[in-house]
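Residue indices begin at 1 and follow the sequence shown. Note that the structure is a prediction, hence the values are computed from the model and not measured.
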Amino acid sequence: MTETTGSTATPERGRPEEEQSELPSRRDRKRAAKKDKKGAFARLALFYRQIIAELRKVVWPTRNDLVTYTTVVIVFVVVIMAIVSGLDWGFAKLTFWTFG
């Protein structure tokens, strides 16, 4: 039987007594949920305000960065296409050579 050092949990409850007293009761949580309930339009407006706030935090790339990133992606795709095409051609030749 191993015992965890420093554990404050009681075997009956699973949480220490002081932690249990800080948690709100189920009734209090329901009252708070009803009290904080907003209408559909208010929730939708809040959602869009949060979207706009997040978009303002975005660091948009400069034109030079955008051209650089686009070039890197296009070059990478072309290289991968060349590798896959070469493998396809090689396997096709090997198949025709093997099976005639």
Side-chain angles (χ1 to χ4, degrees):
M1 180 165 159
T2 60
E3 191 173 325
T4 306
T5 308
S7 174
T8 58
T10 58
E12 300 84 13
R13 302 274 180 165
R15 288 192 215 129
E17 293 301 321
E18 56 271 5
E19 188 177 318
Q20 285 180 0
S21 64
E22 293 175 8
L23 296 175
S25 68
R26 182 176 290 180
R27 185 182 320 148
D28 292 339
R29 286 183 292 199
K30 281 187 175 182
R31 283 183 189 156
K34 284 183 180 179
K35 190 177 184 181
D36 293 337
K37 188 80 170 172
K38 296 179 181 177
F41 290 112
R43 287 182 292 167
L44 192 61
L46 175 65
F47 178 68
Y48 283 116
R49 280 196 308 270
Q50 289 173 345
I51 288 174
I52 291 169
E54 287 297 322
L55 284 175
R56 286 188 178 134
K57 295 178 189 177
V58 173
V59 178
W60 298 97
T62 63
R63 186 183 244 348
N64 193 21
D65 290 341
L66 198 59
V67 169
T68 303
Y69 298 153
T70 304
T71 305
V72 167
V73 168
I74 290 172
V75 168
F76 178 77
V77 168
V78 167
V79 168
I80 294 299
M81 282 175 47
I83 292 170
V84 170
S85 297
L87 287 172
D88 182 48
W89 180 82
F91 285 129
K93 289 292 184 184
L94 180 67
T95 303
F96 285 134
W97 179 78
T98 304
F99 298 110

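Cluster partners of V58, by chain and number: L44, F47, Y48, I51, L55, W60. The rule joins Ile, Leu, Val, Met, Phe, Trp and Tyr whenever side-chain heavy atoms lie under 4.5 Å apart.
Summarising the geometry, atom CG belonging to N64 is positioned 9.5 Å from atom OH belonging to Y69; distances are rounded to the nearest 0.5 Å. To the nearest 0.5 angstrom, L46 atom CG is 15.0 Å from F41 atom CZ.
Applying side-chain contact (heavy atoms from CB on, under 4.5 Å) to T70 and the options V67, V73, I74, V72 leaves one that passes, I74.
Residue pairs meeting the salt bridge (Lys or Arg N to Asp or Glu O under 4.0 Å) criterion with at least one member in residues 51-79, sequence neighbours excluded, are E54-K57.
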